[in-house]
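Reading through the structure tokens given below for one structure.
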Amino acid sequence: MRKSDGHQGKQVTIMDVAERLFAERGFSAVSLREIAREAGVAVSGLNYHFTDRIGLLSAIYARHTQPMNARRRDLLSEALRTPDRSDRLTAVLRAYLLPAFASSSDSGGGAQFTRMRAVLSAEGDPEARRIIADSFDDTTRAFIDAIAQCLPGAAREQIVWRSQFLLGALYYTLINPERIDRLSDGHVSGADHTAAIEALVASTHASLMGLVTPQMAES
């Protein structure tokens, strides 16, 4: 094995461990020393690869969000070719959601990363928030623009609000799927990602279409 392969393998191990710990306990509660111990490396080695916790968190986000955002933009390009506005909105919403439910190896999503995102968002660390914004804001704005094209006359401010509600629903769906099983008495599985995506698309589509009055639609 080449030396570079060994370095890369250590980096992946460190990121895997850090992501799991951040998802379980948050960013502020996990130290570099703890990550190094669970990853089987010295703290100096962790610093060598990532400099500090912020550098490590940035690397984790880059690993996931670069393929996720690329997949979202590919799907969005396809969705925008749908002529009917209502059908196009459905396609746009699916383009946003599908990569988030994919496995990490496929396109950057996965429940653990989404759980970490939710925990860090709630935690409110300013450096973590900066990383989150840098990772997602450009792609999110592209989706908001696409949604606005489907909703003639709708106020952009309301589209932003309802897009934010979709993100919250996505977070909760992925980090707490067992609640669906419990409240449905086992008739519905929260682990059924196909059903989850369809339910999220349907509810968000109805919410967003509610912003368009018949007069707006005819204009």
Side-chain angles (χ1 to χ4, degrees), residues 58 60-118 120-122 128-175 177 192-219:
S58 295
I60 291 170
Y61 265 84
R63 177 171 68 158
H64 287 287
T65 62
Q66 287 174 5
M68 180 189 289
N69 287 336
R71 181 59 176 153
R72 277 177 166 164
R73 286 185 177 274
D74 286 345
L75 292 172
L76 181 60
S77 295
E78 296 175 15
L80 291 176
R81 292 197 288 268
T82 305
D84 180 81
R85 285 174 176 159
S86 178
D87 292 343
R88 190 192 315 154
L89 178 59
T90 295
V92 167
L93 294 173
R94 286 180 61 82
Y96 181 77
L97 289 168
L98 280 169
F101 282 86
S103 69
S104 299
S105 60
D106 289 336
S107 62
Q112 181 170 268
F113 178 60
T114 300
R115 182 188 297 272
M116 189 192 78
R117 290 169 57 195
L120 267 59
S121 294
R129 282 187 171 180
R130 177 185 58 79
I131 292 170
I132 294 168
D134 289 346
S135 299
F136 286 109
D137 280 5
D138 286 347
T139 300
T140 300
R141 285 192 177 95
F143 273 88
I144 290 172
D145 289 344
I147 291 170
Q149 292 174 22
C150 301
L151 305 172
R156 187 178 179 89
E157 293 83 358
Q158 289 300 314
I159 294 172
V160 170
W161 270 114
R162 298 185 191 203
S163 299
Q164 182 79 345
F165 299 156
L166 171 60
L167 179 60
L170 170 61
Y171 278 169
Y172 201 75
T173 299
L174 281 171
I175 68 175
D192 186 344
H193 287 176
T194 299
I197 290 168
E198 294 308 314
L200 283 166
V201 168
S203 61
T204 306
H205 184 279
S207 172
L208 289 166
M209 290 300 292
L211 297 174
V212 180
T213 66
Q215 293 79 11
M216 290 176 180
E218 291 171 2
S219 63

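Across all non-hydrogen atoms, the minimal contact from Ile132 to Ser121 is CD1-OG, 3.8 Å. What you find for Phe143 and Val92 is that their closest heavy atoms are CE2-O, 3.4 Å. Nearest heavy-atom pair, Ala195 versus Asp192, reported as atom, atom and distance to 0.1 Å: N-OD1, 3.1 Å. Residues Thr114 and Ala100 share a closest heavy-atom pair of OG1-O, 4.1 Å.
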Exercise. Going through the checks in order, is the side chain to side chain contact (heavy atoms under 4.5 Å, CB included) test met by Asp138 and Arg73?
Worked result: CA-CA 11 Å; Asp138 286 347; Arg73 286 185 177 274; 4.2 Å; yes
Problem set entry | Derivation and outcome, side chain to side chain contact (heavy atoms under 4.5 Å, CB included), residues Leu98 and Arg71 | CA-CA 9 Å; Leu98 280 169; Arg71 181 59 176 153; over 6 Å; no
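Here Glu198 pairs with Arg94 under the salt bridge (Lys or Arg N to Asp or Glu O under 4.0 Å) rule; sequence neighbours left out. Partners of Asp145 according to the salt bridge (Lys or Arg N to Asp or Glu O under 4.0 Å) rule, which considers only residues two or more places apart in sequence or in another chain, are Arg156.
Counting only heavy atoms from C-beta outward, the side chains of Arg129 and Leu120 never approach each other to under 4.5 Å. The shortest side-chain heavy-atom distance between Tyr96 and Leu170 falls under the 4.5 Å cut-off. A heavy-atom distance below 4.5 Å is not found between the side chains of Gln66 and Ser135. Between Arg85 and Leu151 there is no side-chain heavy-atom pair separated by less than 4.5 Å. In this structure the side chain of Thr140 never reaches within 4.5 angstrom of the side chain of Ser163, judged on heavy atoms. The side-chain heavy atoms of Thr173 and Phe101, taken from C-beta on, include a pair separated by under 4.5 Å. Between Arg115 and Tyr171, every side-chain heavy-atom pair lies at or beyond the 4.5 Å cut-off. Side-chain atoms of Leu97 and Leu166, non-hydrogen and from C-beta on, do get closer than 4.5 Å to each other.
A salt bridge does not link Asp84 with Arg88: none of the charged nitrogens is closer than 4.0 Å to a carboxylate oxygen.
Counted within 6.0 Å of CD on Gln164, heavy atoms from surrounding residues, nucleotides or ligands total 12 or fewer; the atom is thus considered open.
To the nearest 0.5 Å, atoms CZ (Arg72) and CG (Asp74) are separated by 12.5 Å.
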Could you pull out every donor-acceptor pair under 3.5 Å between side chains of residues 199-208 and any protein atom, sequence neighbours left out?
unit_1	atom_1	unit_2	atom_2	d
Ser203	OG	Ala199	O	3.1
Ser203	OG	Leu200	O	3.2
Thr204	OG1	Leu200	O	2.8
His205	NE2	Ser86	O	3.1
His205	NE2	Ser86	OG	3.0

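Classified by interplanar angle (parallel below 30°, tilted 30° to 60°, perpendicular above 60°), the ring pair Phe113/His64 is parallel.
Both the sub-6.0 Å distance and the 45° axial angle are satisfied by Arg117 relative to the ring of Phe136.
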